[in-house]
Amino acid sequence: MNGGNRNRWGGGRAPRPTTARQQGGLLEGARERRVATGGIELCVAELGDAQQPTVMLVHGYPDSKEVWSKVAGLLADRFHVVLYDVRGHGRSTAPVPLRGGFTLEKLTDDFLAVADAVSPDAPVHLVGHDWGSVQAWEFATVRRTEGRIASFTSISGPSLDHFGHWIKRRMTRPTPRRAAHLLGQSAKSWYVYALHTPLLPELAWRGPLGKRWPRLLEVTEKVPGDGYPTASLPQDAAHGAWLYRDNVRPRMRRPRTDAYAHVPVQLITPTGDAFLSEHLYDDLDRWAPQLTRRTLPAKHWVPRTRPDQLAAWISGFVNRNESPVPTAQPSPTGPYADRFAGRLVLVTGAGSGIGRATAFSFAEAGARVVAVDRDADGAARTAELARLAGAPEAWAEEVDVADEEAMEKLAAKVATAYGTVDVLVNNAGIGVAGAFLDTTTQEWKRTLDVNLWGVLHGCRLFGRQMAERGQGGHIVNLASAAAYQPSRALPAYCTSKAAVLMLSECLRAELAGQDIGVTAVCPGFVNTDIARTARFAGMDERELRRFRNRTSRLYGLRNYPPEKVAEAVLRAVVTNRAVVPVTPEARGIRLLSRLAPRALRGIARIQPPS
Amino acid sequence: MTTPWADVTFIGVNEASPVGPGTDERLAMHPATREYAAADLRGYREVQQLAYACAESVAARLKPGVTEREAARMQREWLRGRGVRDGFHLPFAWFGDRTAFAGFAVPLRFLPTDRRLEPGMPFILDLAPVRGGRAAAAGYSGCLGPHPVHERLTADLRAHRELILARVRERRPLREVSADVDRLMRTQGYAGRHRAHPFGVRAHRVGRAPHRRWSPARRGRGTGALQGAARGVFRGHRDGRLPRWSPSRSADHPPRTGLWAVESHLGFRGTGAKFEELLVVTDSRDPQESAFWLDDDLPHVRRWQEEAQAV
């Protein structure tokens, strides 16, 4: 949308809630109307069926309603989506004079006027980003809006009152940790101080900053250059400085003591936000009794960079609060539920062992799970139990990861039927033992086909989908401690796993620019079926059975549960680690490989007793 | 829970003469049960029924806020009111994730705690009363309100009951039976909770106990069981064989005739369910008669039958 023609909607025009078909622009197909309130006119855009629940999206600073264009487009087929330019922004008119025209009280008036115009009978679901969220906190905590709001999703914008109390608590009882939080946030708030200087911000925005802002966003915030910000940016930013000047100091000095949310709140926190510390929300449960937390590995402008995830979380939250009866689905309880709820996770080799445990851990965190295994029954069972464990949806897919064609079909099916995978766990692998000179080329081929090519296919197909979506993701490849511990007894296995480790490291470097993390997990000896199903080169049937029994018995005695590896996988995704050795022996060997590689070569020569 | 020490306490009696009073009457259903007289088996069945009746009665009275200790005391009092003065172990009660033995590193963790029951929480009541010299064991799983995982677990226990019986009838070594049960558990996607048991035990022999006057309640919670543990380990090693089923080498022999308290305990992500009941192993050549569950009229079996009928 072209914000430059704001004069067409001059301030003196009579209020008229007419609809206007918008021509082109970022909000394709939006119905537009003007809502008059308190001497100004707001430009309101609507998408979707007005009979559906109303979702109202409020933009931040320096933005206009078009910041929501991608999210609105995704929500429009399910909800009545309403967006408006905050006073003084986009195509809404600005109050005269500007000083005192942007108080939270006046912004609340605006919200009520828009809500009454677009959804007179039903409360609206509020979503705010940045300053949109700051003002929405005011809407959600003042008495006069009760009954007009059904739910509130807050993204990157704390309540000024909560913020005021947060600072006071940390100033009055400054433990080292609290002092660190305070200093951290003070440093991140530099722009707030800058905006309080007179005139300079306006000059900067109307001058060089306004011109360079879009490029700056692309470089620092990785916001895709797709026609946003709109041309009205310098004007919006100059007017919007009054949001800070009118509200920040009074609220910091005397924060309201009754700022309790009277609606369910969903808090979405981008972990890479350059302006807001995650710790701002540490005390939030006190203010919002019905709080759902979500975290997203992203920077500040998530409505531009992570629209899919926002749309999914917003619709989930709206649906939950629209439903007259509480849903039977238990809310996810796992330790990383804030991070993985609703996300799509694909695990290969999910029919048993580490893959199955990983699928369950993700399910417990509320993720949607695709369990892939060549054993159809095992995969089906995993999917079934994953649903019981807390996955809102889980599917089983029978695929051999070594089969290129089957993997391609799987990737296509997953993309169309379930969506783009957020976390891919390439876990499928087979165990192979036996001296190099005893290992046949067939055995080599099968080992590399599953252990290396399976991972390659997964990374290639699903990594491409992630990259094309451009909204980040994570790939976990299950390598092994055998990737850095050579052994005369496991040449094929060690080789395949070392390749997986190196592949992961290379891929990590390549995909870092696209916010796709890559992790290699090296479990060590874990009590799974791998020893019971392993191949042993150069052994007859009887010997093989004996050897299998003995090895699996040793694994059983070691008894390191796959559930702990699954925990390590989730933790690795959350913290975006590069290489994760899991069991103590895997960690010890990893350390030795750096400090005393000759010791490992010595261990490699040990002939396992047969 | 099955305590390994308890069975050892009764070894001598058990192996010497399992035949009790009222000797020659055979159990009509199982004519090949040579070792056990019908009246004798009936006696065991009565004790087992008593144990399950106790569990059902206490389970029906469990409300939000009841602690594990209170639930254990309710079982003790119920049993004492019906003439039970002895037991393999004191009644146990586990609530919430303790049903899956989450974090049970030392045996003391089995003892009831002050954890309170909450709506939607699974629970297990585990008791092993001895009356008239006859011992039984019962493990009762329930849940305060609907719980899909718990329902699934209890339904899946059925396959375990069938598998154990089939394997015992095939006279497979107990170690193999254990391995098969483990495999089934893994296929089902569950973690076997037996590893948390002392010695990984999943069944133990029961038999006639010398009539003792002491009452577990009077001995103070847990002390009797701990004494039993020490005694059990000592005698088991002296005999060179612990009459239990476990994945260890000591169980590499077919099941011996007699009465076995067998249990299956499944755990899935902080929810556990189990059953425990008596299995009769005879020396009959007829597979059907060579081993059978002492009683099919038990709460979990009835639940499976109802489910099957509903389907």
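The chains referred to below are lettered A, B, ... by the order of the sequence lines, with proteins before strands, and numbering in each begins at 1. Worth knowing before you read on, the calculation uses all heavy atoms, side chains too, and leaves out hydrogens, waters and symmetry mates.
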(message) Any carboxylate oxygen within less than 4.0 angstrom of a Lys/Arg side-chain nitrogen, looking at B:Arg161 and B:Glu277?
(response) yes
(message) Between B:Glu170 and B:Arg167 (salt bridge meaning N to carboxylate O under 4.0 Å), is one present in this structure?
(response) yes
(request) Using a strict 4.0 Å threshold on nitrogen-to-oxygen distance, state whether B:Arg158 and B:Glu162 make a salt bridge. (result) yes
(request) With a 4.5 angstrom heavy-atom cut-off, could you sort out which part of A:Thr528 is near chain B: side chain, backbone, both or neither? (result) neither
(message) What part of B:Gln188 gets within 4.5 angstrom of chain A, counting heavy atoms only: side chain, backbone, both, or neither?
(response) both
(request) Sort A:Asp529 into side chain, backbone, both or neither according to what part of it lies under 4.5 angstrom from a heavy atom of chain B. (result) side chain
(request) Quick one: sort the B:Phe123 and B:Tyr140 rings into parallel, tilted or perpendicular, breaks at 30° and 60°. (result) parallel
